[in-house]
Each structure stands twice: as C-alpha cells, then as structure tokens.
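Values below: every heavy atom of this structure, side chains too, minus hydrogens, waters and symmetry copies. Source: prediction; values computed, not measured.
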Amino acid sequence: MAALTGSAKSTWASFLKSIASFNGDLASMTAPPFILSKTSLVEYSAYWTEHPKLFVAPAKEQDPEKRALLVLKWFLSTLKQQYSSRSEKLGSEKKPLNPFLGELFLGHWEDEEVGRTELISEQVSHHPPVTAYSIFNEKHGVKLQGYNGQKAGFASMTINVKQVGIARLRLEKWDEEYLITLPALHIEGLVYGSPFVELEKSTIIQSSSGFFAKIDYAGKGWVGGKSNSVSAELYDNKTGKLLYTISGQWTKELVVKKAKTEIERFEHGEKNPTTGLAIKPIGEQDPLESRRAWAKVGAAIDKGDYDETGIEKSKIENAQRDLRKKEKEEGTTWERRYFTAVDKIDEVDALVERAGKFMKGVLGLTPISMDEPAKTNGVWVFDTKKYEDVVSGRKAEEVRRAGETVLE
Ligand SMILES: CCC(=O)OC[C@H](C)CC[C@H]1O[C@H]2C[C@H]3[C@@H]4CC=C5C[C@@H](O)CC[C@]5(C)[C@H]4CC[C@]3(C)[C@H]2[C@@H]1C
C-alpha cells in the first residue's frame, strides 16, 4: 500500500493512538475503513489446505520417517497462505470481520489427483473469539481438526499476538496422529499504515509414531536474517537423532537437508498454485454461512460506503445481542452445529507429554504446555455424529452438487 496521504493519514494516526489504549481484544478495535476486510475470520481455516496434494501426500507414504517429513513440509507450506496471502493480494494485512457466534464457513476443494477435501469452519465462541475447524479427505483418510483464538497486546507500535489452541492431523491408514502448535506473530508496518504479519518464537509437531519437529521463526531484525525466516529440525524421538532440517523463508523458497546434505528445494507461488475453494452460491447457503450473513456489509465495504457498513454491521451485532439475551432469559446456550467443547483430549495430552519429555530430556528446552481450556471456552472437538446428522438431514450432497462457483 502506498504511503498514506491526506485524510487517510490523519485517520490512521488517530487509529494508532486508539490502539495504544488497546484492551487486548483485537475484534473490539474500530479500525479505519481502508484497513477493513470483508472477509470474516471464520474463513481463515481454509488456509490450512489450499494445496490439497501436499495435505494428502503423507497418507500415501509408508515409511513413518518420510511421512513425518511430508507432514512438516505440508505445515510449512500453509504459512504463506495463513500469514501473507492477504498482503500479497490486497497490498497489506487487513482487519477481518469479527465472526458472530455460530457463523459457518463450508466448502470443499476438488483435485483431480486426491479427490475431494471438505472444509467445515465454525465460530464456536464470540467472547473470546474462537474458530474451530475440521478439514478432511475421506478418500485418503486424512483429517485435520483444531481450534484457535488470539491473545493480543500492543507495545512500541506493534501488535503482538499469541495464538491459543492447537491443530491435530490424523492419518487413518497409519493410525497416526500429529499434534501441531500455532506460531506467535506480531504486526509490523503499523506506523506506515501498511501492516503485515511476521511470525516469531517457535512451534512444534509431535507425531504418535515418534518423530518430533521444532520450527523456529524470525524476521529481518534477527541476526542479519531476512523477513519471514524459518528453520525447522525433524528428530527421531527414540534415538534423539536429527534426521532433516528445512530452512529458508516461508514466503519464498525452503531448502530440505538430510543431515548436512541438501536433498530438495521447494517453494510456492506460480510453481505451486493453490486450488480454488468451492462454496455454494450465496442464495443456496444457510443463513449462518459467512458470505451470506455478511453480504450487505461486504457490499458496503466494496462500495467504500462506511456509514452503510456501520449500519449493516450493527444490524448483525444487535441481532446477536438479542439472541444472547433470549438465551439468558430461557437459560439456554447456543447449540454449536459441528463442534463440542470437552475438558481434555487424551490423545493430545499424550502427545504433549511425549513432546515435553523430548524437549526437556534431549533438547534441553522448556516443555510445551497446553493452554488452559478456559482461554478458549473449552477444548473443541469435531463432533462426527452432529456432522452426519446435518449431512443426512440436509441431503447436502444434492445441494452441493447443484452448480458451485469456484472462487478465484
Ligand atoms: C485491531 C487493530 C487493527 O485492526 O489493526 C489493523 C491491522 C490490519 C492489524 C491487525 C489485524 O491483523 C490481522 C492478521 C490476523 C491473523 C492472520 C492469520 C491468522 C492465522 C489463522 O489460522 C488464525 C487467525 C490469524 C492468527 C489472524 C488473527 C487476526 C489477525 C491478527 C488480524 C488483526 C486484527
């Protein structure tokens, strides 16, 4: 985005002042119009699998060590989509719409090689905002599910965001599960009115077959480093041996090494184009589906009519307030359509413990710990029974088959 001029500059300056008194809830901030996106945060779950072939590849590999490397490669390939695709498309990071409780984003990717990969994303909590998702490719038995929220702070003209929640990848064919933690990030470029995401600190991937990856993130401020730098190490839990490293920039090229020898380079962008997500035409969507629910707000944002944006947003927010009031009076709570909150997930706890032992015992690092469930109003799991009820009830197949528009 070109440097700000005129009124945009002054509104941005007052916006920056307002962030300084920021209370930690990103969604509550009223950002200047030009930074508003018409995309709701509930859509961001789709960034996990815009390369369906990479998502499914581990299921086809019978060697567990190579499978763990393929999962690491897939994970690293999602970072560019998750954290820099909006800057690339729109010129800077934008502020997503704050999803209302129960908001849905449903779609699928059709790939000639790996078939259909289904996406279900639901805003399972509004205070604090938490999105839960389930993404699965039945044909290859690959299932990703997870949930996430954000704890944000503001310091020296930077918004610091810690992600709460986890992602879990399950490979049915190998009866294998991977625990994936989420990177911390901060928003740079605020002072220029051109915000973008930089990742920081580190995350891990722990596989139930005994492989552990540690992924370190850094930006250009880092020892002569470049922006969007990443360095990952894949270990064998049993022997403690370092098997592979993958390093480079998560927005550009990554180099895979076995021990010290380079064995592969891979990158994204034109060489590895993403697959378009197919969603139902708005007219056929459920009223809770994001693009239908926010259609009038999106149209107002497209027109640049910020008064109308505000009016249409308030209609949605007031309807939500009335719903919450009614539930309170009736002593009911909103029925999540696809997800259920539980206190704990035994498989996850086992992977957290295994990772912690390896980090402390072999790597001399502070073990990871799970966020308290209260931070995300529970630990959210995809409820297959609820899903099947919806599918059978809705005969979703026929509706889905009726012409779909593939997005850009
Ligand atoms: C609140 C202040 C404000 O509006 O500033 C405007 C600026 C655009 C900066 C703040 C917004 O920046 C956006 C970046 C968003 C994250 C991007 C990617 C992901 C990964 C995804 O898997 C989960 C969600 C997450 C963490 C997004 C969370 C919301 C972020 C931080 C937006 C900020 C409001």
> Mind running salt bridge (charged side-chain N to carboxylate O under 4.0 Å, His left out) on Lys53 and Glu112 for me, showing each step along the way?
CA-CA 10 Å; Lys53 291 185 181 67; Glu112 73 289 340; 3.0 Å; yes
> Under 4.5 Å between any side-chain heavy atoms of Leu190 and Phe154, yes or no?
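SC-SC contact between Leu190 and Phe154 confirmed.
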> Could you tell me whether Arg170 and Glu347 make a salt bridge, using a distance below 4.0 angstrom between a side-chain N and a carboxylate O?
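No.
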> Which atoms form the tightest heavy-atom contact between Gly115 and Lys139, and what is the distance?
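Taking every non-hydrogen atom into account, N-NZ, 4.2 Å.
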> I need the Leu26 CG to Gln150 CD distance, nearest 0.5 Å.
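Atom-to-atom, Leu26:CG and Gln150:CD are 6.5 Å apart.
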> Is any side-chain heavy atom of Tyr244 less than 4.5 Å from a side-chain heavy atom of Glu65?
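Tyr244 vs Glu65: side chains touch.
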> Is there a side chain to side chain contact (heavy atoms under 4.5 Å, CB included) between Ile19 and Phe15 once you walk through the steps?
CA-CA 6 Å; Ile19 303 191; Phe15 165 64; 3.4 Å; yes
> Rounded to the nearest 0.5 Å, how far does OG of Ser227 lie from CD of Glu188?
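Taking CD in Glu188 and OG in Ser227, the distance rounds to 8.5 Å.
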> For Pro128, does its backbone N or O pair with a side-chain atom of Asp25 as donor and acceptor, under 3.5 Å?
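Between the backbone of Pro128 and the side chain of Asp25 there is no qualifying donor-acceptor contact (under 3.5 Å).
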> Salt bridge (charged side-chain N to carboxylate O under 4.0 Å, His left out) for Lys386 and Glu122? Distances and angles first, verdict last.
CA-CA 13 Å; Lys386 287 185 179 181; Glu122 179 170 6; over 6 Å; no
> Less than 4.0 Å between a side-chain N and a carboxylate O, is that true for Glu113 and Lys60?
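Yes, charged N to carboxylate O under 4.0 Å.
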> If you count the non-hydrogen atoms of other residues, nucleotides and ligands that lie under 6.0 Å from CG in Asp343, is the total more than 12?
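Counting neighbours around CG of Asp343, 12 or fewer heavy atoms of other residues, nucleotides or ligands fall under 6.0 Å, so no.
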> Report the distance from atom CZ of Phe34 to atom OG of Ser92, rounding to the nearest 0.5 Å.
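Reported to 0.5 Å precision, the distance equals 8.5 Å.
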> Once rounded to the nearest 0.5 Å, what's the spacing between atom CD1 of Ile246 and atom CG of Leu234?
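With rounding to 0.5 Å, CD1 (Ile246) is 7.5 Å from CG (Leu234).
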> If I compare all heavy atoms of Pro183 with all of Gln163, which pair ends up nearest, and what's the gap?
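Scanning both residues completely, I find the closest heavy atoms to be O-NE2, 2.8 Å.
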> Do Asn148 and Val130 come within less than 4.5 Å of each other through their side chains, counting heavy atoms only?
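Counting from C-beta outward, Asn148 and Val130 never come under 4.5 Å.
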> Under the side chain to side chain contact (heavy atoms under 4.5 Å, CB included) rule, what do Leu54 and Thr78 come out as? Steps first, then yes or no, please.
CA-CA 10 Å; Leu54 289 180; Thr78 66; over 6 Å; no
> Can you tell me how far CD1 of Ile279 sits from CG of Leu119, rounded to the nearest 0.5 angstrom?
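CD1 of Ile279 is found 10.0 Å from CG of Leu119.
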> Does the side chain of Tyr44 come within less than 4.5 Å of Tyr83's, by heavy atoms?
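No, every pair of side-chain atoms sits at 4.5 Å or beyond.
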> Taking all heavy atoms of Arg336 and all of Ser125, pick out the closest pair and write down the distance.
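Closest approach of Arg336 to Ser125: NH2-CA, 4.5 Å.
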> Ignoring hydrogens, what is the shortest heavy-atom contact between Ala132 and Trp380? Give both atom names and the distance.
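Result for this residue pair: CB-CB, 4.1 Å.
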> Determine, for Asp286 against Arg337, whether the closest basic-nitrogen to carboxylate-oxygen distance falls under 4.0 angstrom.
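Yes.
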> Short question: side chain of Trp174, backbone of Gln62 - any donor-acceptor pair under 3.5 Å?
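No, because the side chain of Trp174 does not come within donor-acceptor range (under 3.5 Å) of the backbone of Gln62.
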> Is it the case that the side chain of Asn137 and the backbone of Val56 share a donor-acceptor pair, with hydrogens and angles ignored and the cut-off at 3.5 Å?
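No, because the side chain of Asn137 does not come within donor-acceptor range (under 3.5 Å) of the backbone of Val56.
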> I'd like to know if Asp371 pairs up with Lys151 as an ion pair, taking the criterion as any Lys NZ or Arg NE/NH1/NH2 lying under 4.0 Å from an Asp or Glu carboxylate oxygen.
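Looking at Lys151 together with Asp371, the answer is no, because their closest N to O distance does not fall below 4.0 Å.
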> Could you walk me through whether Lys214 and Leu365 pass the side chain to side chain contact (heavy atoms under 4.5 Å, CB included) check?
CA-CA 11 Å; Lys214 180 168 178 295; Leu365 295 169; 3.2 Å; yes
> What pair of heavy atoms forms the shortest contact from Asn98 to Trp294, and how long is it?
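Heavy atoms only, the tightest pair is O-CZ2, 3.4 Å.
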> Gln123 side chain to Phe100 main-chain N or O, any donor-acceptor pair under 3.5 Å?
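The answer is no, because no donor-acceptor pair under 3.5 Å joins these two groups.
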> Asn237 and Gln206: side chain to side chain donor-acceptor pair (under 3.5 Å), yes or no, with the steps?
CA-CA 9 Å; Asn237 281 111; Gln206 175 64 57; 2.8 Å; yes
> Are the side chain of Gln145 and the backbone of Phe382 linked by a donor-acceptor contact shorter than 3.5 Å?
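Flag set: sc Gln145 to bb Phe382 pair under 3.5 Å.
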> Is any side-chain heavy atom of Lys252 less than 4.5 Å from a side-chain heavy atom of Asn228?
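They are not in contact (no side-chain heavy atoms under 4.5 Å apart), so the answer is no.
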> Any non-hydrogen side-chain atom of Asp236 less than 4.5 Å from a side-chain atom of Phe211?
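Yes, their side chains come closer than 4.5 Å.
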> Assess whether a salt bridge exists between Lys326 and Glu329, defined as any Lys/Arg side-chain N lying under 4.0 Å from an Asp/Glu carboxylate O.
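Salt bridge flag = no for Glu329 with Lys326.
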> Can a salt bridge be assigned to the pair Glu198 and Lys220 using a cut-off of 4.0 Å between side-chain N and carboxylate O?
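No, this pair does not count.
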> Is there a donor in the side chain of Ser40 and an acceptor in the side chain of Glu103, or the other way round, less than 3.5 Å apart?
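Yes, Glu103 and Ser40 have a side-chain donor paired with an acceptor closer than 3.5 Å.
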> One pair to check against side chain to side chain donor-acceptor pair (under 3.5 Å): Glu177 and Ser208. What are the steps and the verdict?
CA-CA 5 Å; Glu177 173 127 358; Ser208 56; over 6 Å; no
> Determine, stepwise, if the pair Trp48 / Phe55 fulfils ring pair (Phe, Tyr, Trp, His ring centres under 6.0 Å).
CA-CA 8 Å; Trp48 281 103; Phe55 176 59; 9.2 Å; no
> Between Arg116 and Glu138, is there a salt bridge with N-O shorter than 4.0 Å?
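Salt bridge absent between Glu138 and Arg116.
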> Would you give the length of the straight line joining atom CG of Asp216 to atom OG1 of Thr203, rounded to the nearest 0.5 angstrom?
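These two atoms lie 8.0 Å from each other.
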> So which atom in Pro99 and which in His126 form the shortest heavy-atom distance, rounded to 0.1 Å?
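The answer is O-ND1, 3.0 Å.
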> Which of these passes side chain to side chain contact (heavy atoms under 4.5 Å, CB included) with Phe105: Thr131, Ile120, Leu277?
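Passing option: Leu277.
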> Can we say Arg265 and Glu267 salt-bridge, meaning some charged N sits less than 4.0 Å from an Asp/Glu carboxylate O?
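Not counted as a salt bridge, because no side-chain N and carboxylate O are separated by less than 4.0 Å.
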> Please check: side-chain N/O of Ser121 versus main-chain N/O of Tyr133, any donor-acceptor pairing under 3.5 Å?
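Not at all, since once roles are kept as given, no pair shorter than 3.5 Å links the two residues.
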> Are Phe358 and Leu363 side-chain neighbours, meaning at least one heavy-atom pair lies under 4.5 Å?
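Answer yes - side chains close enough.
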> Would Val114 and Trp109 count as a side chain to side chain contact (heavy atoms under 4.5 Å, CB included) here? Give the steps.
CA-CA 10 Å; Val114 302; Trp109 292 268; over 6 Å; no
> Give a yes or no on whether the backbone of Arg291 and the side-chain of Glu289 come within a donor-acceptor separation of less than 3.5 Å.
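Not at all, since once roles are kept as given, no pair shorter than 3.5 Å links the two residues.
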> Using a 4.5 Å cut-off on heavy atoms from C-beta on, say whether the side chain of Gln320 contacts that of Glu317.
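The answer is no, as the side chains (C-beta and beyond) never meet within the 4.5 Å cut-off.
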> Begin from the C-alpha positions of Gln249 and Ser229 and carry the test side chain to side chain donor-acceptor pair (under 3.5 Å) through to its verdict.
CA-CA 4 Å; Gln249 289 175 280; Ser229 293; 5.3 Å; no
> With respect to Leu169, which candidate in Val71, Ile205, Leu179, Ile135 satisfies the side chain to side chain contact (heavy atoms under 4.5 Å, CB included) definition?
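The side chain to side chain contact (heavy atoms under 4.5 Å, CB included) with Leu169 is passed solely by Val71 among Val71, Ile205, Leu179, Ile135.
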